[in-house]
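Everything numeric in this text was worked out from a predicted model, so none of it was measured. In each ligand, atom 1 is the first atom listed, and ligand 1 is the first ligand listed.
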Amino acid sequence: MSSSPIHSRTASAVAAVERALAELRRGGIVVLRDEHGAGCLVIAAESCGPRALQRLQGLAQSAPVLVTTRRRAEAIGMEIPPHIAGGMGETNKPITIDLPEGVPVDVILRPHESDSTGRHVALRHLSRPVASHAPGLAQAAIELAKLARLLPAVVLGPLTRDPGNKRRDWAREQDLVYVDAADVAGYEETASRTLQQVAQAHVPLEGAENARILAWRPSDGGKEHLAIVVGDIDPTEPVLIRLHSECFTGDLLGSLRCDCGVQLRSAIAEIAKQGSGVLLYLAQEGRGIGLVNKLRAYELQDDGFDTIDANEQLGFDADERIYAPAATMLSRMGIQRVRLMTNNPEKIAQLERYGIEVAARVQHSFPSNGHNENYLRTKAERAGHLL
Ligand SMILES: Nc1nc2c(ncn2[C@@H]2O[C@H](COP(=O)(O)OP(=O)(O)OP(=O)(O)O)[C@@H](O)[C@H]2O)c(=O)[nH]1
Ligand SMILES: [Zn+2]
């Protein structure tokens with residue numbers, strides 16, 4: 001990669017976000033600052049221990065608040081006043097809630113624990129949502145928690161406005177990780193632009209012996225994606241492509257809750273049958289919420305929620321994936337036109353948005369295995385999947 005000022009600015013921005021993610025996952029405090037100089041301290045609710053919380057309370061310049069998403073707040077039965085709920089298009093915006101002294105932060109996380117009257121335990125401790133002092137910071141803090149594959153709930157400690165750029169120096173003095181909110185917003189797209197191929201090996205696969213695996217890594221050492229190239233690609237013609245999102249349970253363990261295992265193996269078999277093509281194996285487990293959160297969503301599905309509602313009950317969107325890394329890898333391989341094996345119109349729309357022409361859609365669906373009927377039905381009826 002070139003060391004031009006633009007590239008080094010990109011590299012340092014993604015590196016700052018990656019450091020913040022590691023810090024949140026280990027229960028540390030991150031300093032966030034927006035372009036107007038507003039700042040705050042952030043701890044992920046899921047990893048918030050008593051020492052970090054005490055430190056945040058000591059450093060913050062007003063009382064800490066709890067921030068989660070509207071869907072999570074609604075899932076625990078919280079009433080959201082219309083002036084806070086936001087309009088259309090802001091369906092899952094961050095919701096700020098006062099955090100009275102002594103209230104355990106994790107009340108927001110305990111899924112569906114109710115008291116004897118059926119009221120969610122969180123409501124016993126938490127009052128109605130309040131207006132956020134800096135909505136952009138709340139949004140960036142929630143985004144960080146999601147990128148760290150944690151539940152979208154954070155403790156936020158407001159800081160006074162910072163007219164110059166002193167906040168970064170202050171963070172350094174306090175030995176705290178600092179990140180600009182603007183760098184969080186575009187992180188996944190920016191990181192995808194830094195993807196570089198770092199390994200390539202011939203790996204004969206059952207039914208596709210002429211296969212190579214190419215590994216791609218972003219400059220911050222974050223999520224690595226793979227391209228499984230079968231046969232010899234001719235980029236002058238639309239190339240047969242499958243975008244496969246990682247599914248540990250389906251791909252590796254043969255789980256029958258989903259259709260990923262059969263989709264993975266059949267895609268490779270079909271590509272081999274047609275002579276050549278590429279399967280992109282994307283590190284976006286659980287439609288982008290991570291394996292742990294997917295298992296939490298499965299728990300909710302065992303209680304009767306469908307795959308979309310379960311995501312939303314946890315506070316996520318139904319699908320958190322972006323396909324910018326896929327588009328970058330295709331372009332770097334010289335592939336601009338594809339025949340895409342999918343039933344998901346969002347994959348087509350996003351690839352086109354990122355500059356890849358989808359010349360044709362190739363259907364890629366399989367009969368139910370006796371365990372995933374509801375899952376397949378929900379994808380067709382609620383996620384707009386084409387069958
Ligand atoms: N959150 C969540 N993720 C799931 C669930 N079941 C499967 N997944 C994830 O969904 C992704 C699989 O989706 P894909 O098969 O790539 O995509 P799709 O949206 O079904 O679209 P096509 O298969 O291309 O038609 C993987 O990351 C799985 O881990 C679930 O119940 N909840
Ligand atoms: Zn799966």
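- Arg172 has a carboxylate O that lies under 4.0 Å from a charged side-chain N of Asp169, or vice versa, which qualifies the two as a salt bridge.
- A search for salt bridge (charged side-chain N to carboxylate O under 4.0 Å, His left out) contacts involving Arg242 returns nothing, not counting sequence neighbours.
- When heavy-atom distances to ligand 1 are checked against a 4.0 Å cut-off, Arg321 comes that close only through its side chain, counted from C-beta outward.
- Residues Glu270 and Gln274 have side chains that bring a donor and an acceptor to within less than 3.5 angstrom of each other.
- Heavy atoms of Gln284 found under 4.0 angstrom from ligand 1 belong exclusively to the backbone.
- Not counting sequence neighbours, the partners of Tyr281 by the ring-ring contact (aromatic ring centres under 6.0 Å, His included) test are His244.
- Counting heavy atoms under 4.0 Å from ligand 1, residue Ile289 touches it through the side chain alone.
- Not a single heavy atom of Phe316 lies less than 4.0 angstrom from ligand 1.
- Closer than 2.8 Å to the Zn ion (ligand 2) sit the protein N, O or S atoms Cys247 SG, Cys258 SG, Cys260 SG.
- Within the structure, the closest approach of Tyr298 to ligand 1 falls below 4.0 Å when heavy atoms are considered.
- Applying the ring-ring contact (aromatic ring centres under 6.0 Å, His included) rule to pairs touching residues 334-365 yields His364-Phe366, sequence neighbours excluded.
- The closest side-chain donor-acceptor pair between Asp317 and Asn92 falls under 3.5 angstrom.
- In this structure, Arg257 has no heavy atom closer than 4.0 Å to ligand 1.
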